[in-house]
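In what follows, a structure is listed as structure tokens, so that the remarks can point back to it.
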Amino acid sequence: MKHTGVVTLNVPADRVDLEGWLFTLSDAEYQACARGHRAAGTFVQDGVRGSVNVEAIGGHLIVQHYQEVSAKPSRVEMLSKRSRVYLFHLVPATIQVRWTMTVQASSEDTSEFRCTVELTMPPLLRLLGAMSLLGFAIRAHTVEETKLFGDDIVRKIGMAHRSPGE
């Protein structure tokens, strides 16, 4: 199950730093980027950066323990090998979630921001997910968070380039 959200950012790609943005994203900022976002925090373990994200999507609670696969200003890839999904907030199951964000130039003044979420799960869980319309919920969630992540990135770029007292 793989879904990608795409938005245009009204800033040049060379001003976007996805790595810096993700690893300084506060819990409150994360929660503001989608209705289903419940909590988030970053950590470093054995020299590898990570993020714990808690989301409620389509009636299911998902707890992801991401570790950095790669990170640079134009592309960040995170992997949670053992995310916990609580189907209908009750039945626990384990899935893998890969989260990738990229930015590339669209024009001199704009860029394209992509946020991809890919879930890998056992066959029985795929069946239960299909019955509960999890795919539709994940798609809607990814589209929503992509737009709001993009808005937050642009807002922070604007704040970083203001002079004192503005």
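- Annotation: the span from L9 atom CG to Q104 atom CD amounts to 11.5 Å, rounded to 0.5 Å.
- Inter-residue side-chain proximity for E77 and R98 is flagged as met; some heavy-atom pair is nearer than 4.5 Å.
- Two residues are said to be in side-chain contact when any heavy atoms from C-beta on lie closer than 4.5 Å; Q31 and D27 meet this criterion.
- Contact record, G58 with A137: CA-CB, 3.6 Å, taken as the closest heavy-atom pair.
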Name every donor-acceptor pair, under 3.5 Å, that has one atom in a side chain of residues 34-50 and the other anywhere in the protein, sequence neighbours excluded.
residue, atom, partner, partner atom, Å
R35, NH1, E144, OE2, 3.4
H37, ND1, Y30, O, 2.7
H37, NE2, E55, OE2, 3.1
H37, NE2, H141, NE2, 3.4
H37, NE2, E145, OE1, 2.7
R38, NH1, R35, O, 2.8
R49, NE, E68, OE1, 2.8
R49, NH1, E19, OE2, 3.4
R49, NH2, E19, OE2, 2.5
R49, NH2, E68, OE1, 3.3
R49, NH2, E68, OE2, 3.1

Report all side-chain donor-acceptor pairs from residues 116-125 shorter than 3.5 Å, counting only partners two or more places apart or in another chain.
residue, atom, partner, partner atom, Å
T116, OG1, T4, OG1, 2.8

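- For the pair Q64/W99, no side-chain contact is recorded, criterion being any heavy-atom separation below 4.5 Å from C-beta on.
- For T100, there are no side chain to side chain donor-acceptor pair (under 3.5 Å) partners two or more places apart in sequence or in a different chain.
- For V7 against K147, the heavy-atom pair with the smallest separation is CG1-CA, 3.7 Å.
- Note on V16: it does not cluster hydrophobically with L148, by side-chain heavy-atom contacts below 4.5 Å among ILVMFWY residues.
- Nearest heavy-atom pair across C115 and T146 is CB-OG1, 3.1 Å.
- In terms of the side chain to side chain donor-acceptor pair (under 3.5 Å) criterion, residue partners of R114 (sequence neighbours excluded) are, by chain and number, E112.
- Applying the side chain to side chain contact (heavy atoms under 4.5 Å, CB included) criterion to A140, with sequence neighbours excluded, gives no partner residue.
- Remark: H65 NE2 to S83 OG distance equals 7.5 Å, nearest 0.5 Å.
- Taken from OG1 in T24 to CG in D17, the straight-line distance is 8.0 Å, to the nearest 0.5 Å.
- Linking Ile, Leu, Val, Met, Phe, Trp and Tyr whenever their side-chain heavy atoms come within less than 4.5 Å leaves L79 and I95 in two separate clusters.
- Rounding to the nearest 0.5 angstrom, the gap separating the CE atom in M78 from the OG atom in S70 is 9.5 Å.
- In the hydrophobic cluster analysis, where Ile, Leu, Val, Met, Phe, Trp and Tyr join through side-chain heavy atoms closer than 4.5 angstrom, F23 is grouped together with I157.
- Residues V85 and H60 come closest through the heavy atom pair CG1-CB, 4.4 Å.
- Taking all atoms of both residues into account, the shortest heavy-atom contact from D152 to C33 is CB-SG, 4.2 Å.
- In terms of hydrophobic clustering, with Ile, Leu, Val, Met, Phe, Trp and Tyr side chains grouped at heavy-atom distances under 4.5 Å, L25 and V69 are assigned to different clusters.
- Of the possible donor and acceptor atoms, one in the side chain of S111 sits under 3.5 Å from a partner among the backbone N and O of V11.
- Below 30°, between 30° and 60°, or above 60°: for F113 and F149 the angle between ring planes is above 60°, a perpendicular geometry.
- In plain terms, the two heavy atoms of K72 and L18 that are nearest each other are O-CB, 4.4 Å.
- Cluster annotation: I138 is connected to L87 through the hydrophobic network of ILVMFWY side chains, with a link wherever side-chain heavy atoms come within less than 4.5 Å.
- Under the rule for a side chain to side chain donor-acceptor pair (under 3.5 Å), N10 has no partner lying at least two apart in sequence or in another chain.
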